[in-house]
Amino acid sequence: MSTATITKPQPKRPGAKSRRMSLPVLLLVIAGVLVLTSAVRLITGADGITSTGQMSTALRLAVPIGLAGLGGLWAERAGVVNIGLEGMMILGTWFGAWAGYQWGPWTGVVFGIVGGALGALLHAVATVTFNVNHIVSGVAINILALGSTRYLSKFTFENAPQGSSKQSPPIDSLGTFDIPGLSSALESLNGKHWFLVSDLAGLIGGLITDLSPLTVIAVALVPISWYVLWRTAFGLRLRSCGENPVAAESLGVNVYKYKYIAVIISGGFAGLGGAFLSIVASNVYLDGQTAGRGYIGLAAMIFGNWMPGGLALGAGLFGYTDSLNLRGGTTNVHALILLLAILLVFGAAYLVWKKKYTPAVITLVTSVLMFVWYATTNDVPKQVVTATPYIVTLLVLSLSAQSLRMPKADGMPYRRGQGK
């Protein structure tokens, strides 16, 4: 099958500019944020915001969010909205724990993927074959997964040693590892609290310290997904189903098949994220363990503009804010209020440069309020720390909404032969 028609580039409008940030500019922005973060750490004395332990915890919490987002990416690139990621993660936590405590953690990982894929298969049948509204189907999957796992737990975990109707027996660990020599050296350098150098050491050290093998696999899935979706004929056909399924069908693409494959892979990724929660993050299944991470994964995908790299950055951001609940929360969040206030000043200046004066004034006023909040308090309530991941999710989505570009046929109903 020829794919020349699908890949033919469209001419740009005169004067049109690409909105995608170039790699050098992105790296410059990241470097600038790191410098500001280091300066805020020195001013506030909140050394924990860039500690090795904080970054390691953030990575561990970012993995299930990233896997859910990656699942959403696969489904939506094929034109299927997958609100059911939360339910597929729930199935992954339960199936992973059920198999893991009986036959070992790696078996649990496989069963977690299968559990998520089974939920995805139901979603694919409903949306692709029967053309059910994607949102309705996804919500139904979430409700079904929550109810079924609670029901099954009463007949499986409740009668097992150290188990209950809301918790599985303990699961053996997959183990962790460091990079010999380098991990300890970076942790020591981070402990010296030097400007920028120690912050870089904390960031890099957190990425290579106390790693689970499943974390490495999850991180590797990001570039693998990019390569498959953007550098192979299979990925091209799959993405064409999410952009223009009628045109794809006219070129011989079996649209139904590719949508089914994408949604099942999507569920597998979400199930893997659920298995990570029950096997790696806590080594037991707990009722309500996902805590909305499937939805946050969708937010990370949208933040990343339906691209794997941006999705990974979004998952890292949400994982970092989630880690504040576990390590030095109130002190670190108080310091980050100052960082946010400074960033908003730069944001206001950028909006003035773009001649968007009303948003600039609103941004500047918000910045002033953040400065006042920081200056008049020494701490923040614990409730603010708990809500921080969700507040950040809303802020990121609202600020990035102007430059997003979803697949053109995402969520739209499709019937075989409808273009004839």
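What you see below is based on every heavy atom in this structure, not just the backbone, and it leaves out hydrogens, waters and symmetry mates.
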Should we count [atom1] of [X] as having more than 12 external heavy atoms under 6.0 Å?
X	atom1	result
Lys408	NZ	no
Tyr350	OH	no
Phe234	CZ	yes
Gln167	CD	yes
Phe346	CZ	no

Are side-chain heavy atoms of [X] and [Y] found at a separation under 4.5 Å?
X	Y	answer
Leu324	Leu336	yes
Ile49	Asp199	no
Leu404	Phe303	no
Arg293	Leu61	yes
Ser278	Gln289	yes
Thr290	Thr93	yes
Ser148	Leu91	yes
Leu186	Thr52	no

>> For Leu339 and Thr37: C-alpha separation, side-chain torsions, deciding distance, then whether side chain to side chain contact (heavy atoms under 4.5 Å, CB included) applies.
In response: CA-CA 7 Å; Leu339 175 62; Thr37 304; 3.6 Å; yes
Has [X] got a side-chain atom pairing as donor or acceptor with [Y]'s backbone, closer than 3.5 angstrom?
X	Y	answer
Ser367	Thr363	no
Arg239	Leu229	yes
Lys154	Ser165	no
Ser38	Leu34	no
Asn133	Ile135	yes
Thr388	Val384	yes
Thr129	Ala126	no

| task | Kindly indicate, with the supporting measurements, whether the criterion side chain to side chain contact (heavy atoms under 4.5 Å, CB included) is fulfilled by Val380 and Trp373. | result | CA-CA 9 Å; Val380 295; Trp373 184 11; 4.1 Å; yes
To the closest 0.5 Å, what do you measure between [atom1] ([X]) and [atom2] ([Y])?
X	Y	atom1	atom2	value
Leu67	Met88	CG	CE	14.5 Å
Leu85	Ile65	CG	CD1	12.5 Å
Ser225	Ile265	OG	CD1	8.5 Å
Ile141	Leu118	CD1	CG	10.5 Å
Asn244	Glu249	CG	CD	10.5 Å
Leu152	Thr149	CG	OG1	7.5 Å

### Query
Which pairs count as ring pair (Phe, Tyr, Trp, His ring centres under 6.0 Å) when at least one residue sits in residues 122-149, sequence neighbours excluded?
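Residue pairs passing ring pair (Phe, Tyr, Trp, His ring centres under 6.0 Å), neighbours aside: none found.
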Mind listing the closest non-hydrogen atom pair of [X] and [Y] along with its distance?
X	Y	result
Ala341	Met370	CB-CB, 3.6 Å
Gly314	Ala300	C-CB, 4.0 Å
Val216	Phe177	CG2-CZ, 3.7 Å
Pro105	Leu174	CB-CD2, 3.4 Å
Gly108	Ala99	CA-CB, 4.0 Å
Trp230	Pro308	CZ3-CD, 3.7 Å

For this session: I would like to know whether Arg405 and Glu243 meet salt bridge (Lys or Arg N to Asp or Glu O under 4.0 Å); could you show each step before the answer?
Result: CA-CA 11 Å; Arg405 193 272 185 194; Glu243 295 291 343; 2.7 Å; yes
Can a donor-acceptor pair be found between the side chains of [X] and [Y] at a distance below 3.5 Å?
X	Y	answer
Asp210	Ser56	no
Asn142	Tyr295	yes
Gln54	Asn332	yes
Tyr374	Thr44	no
Asn82	Ser266	yes

Practice task
List the steps and the verdict of side chain to side chain contact (heavy atoms under 4.5 Å, CB included) for Gln102 and Phe111.
Solution key: CA-CA 12 Å; Gln102 297 182 87; Phe111 270 74; over 6 Å; no
Trp98 and Trp103 aromatic ring geometry - parallel, tilted or perpendicular at 30°/60° bounds =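 Perpendicular: the ring planes of Trp103 and Trp98 meet at over 60°.
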Below 30° counts as parallel, above 60° as perpendicular, anything between as tilted: where do the rings of Trp94 and Phe157 land?
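The arrangement is tilted - the two ring planes meet at 30° to 60°.
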Q.
Between Tyr285 and Tyr101, is the ring centroid distance below 6.0 Å?
A.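 Aromatic pair excluded; centres sit 6.0 Å or further apart.
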* Check the pair Thr57, Tyr320 against side-chain hydrogen bond (donor to acceptor under 3.5 Å, both in side chains), reporting the backbone distance first and the verdict last. => CA-CA 8 Å; Thr57 303; Tyr320 179 81; over 6 Å; no
Run the salt-bridge test on Glu158 and Lys166 with the 4.0 Å N-O cut-off and return the result as yes or no.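 Here Glu158 does not pair with Lys166 in a salt bridge, since their nearest N and O are not under 4.0 Å apart.
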task: Could you tell me whether Asp410 and Arg77 make a salt bridge, using a distance below 4.0 angstrom between a side-chain N and a carboxylate O?
output: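 No, this pair does not count.
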- Query: Given the rule in the side chain to side chain contact (heavy atoms under 4.5 Å, CB included) test, do Asn131 and Thr127 qualify, once you have shown the distances and angles that lead to the verdict?
  - Reply: CA-CA 4 Å; Asn131 223 12; Thr127 56; over 6 Å; no
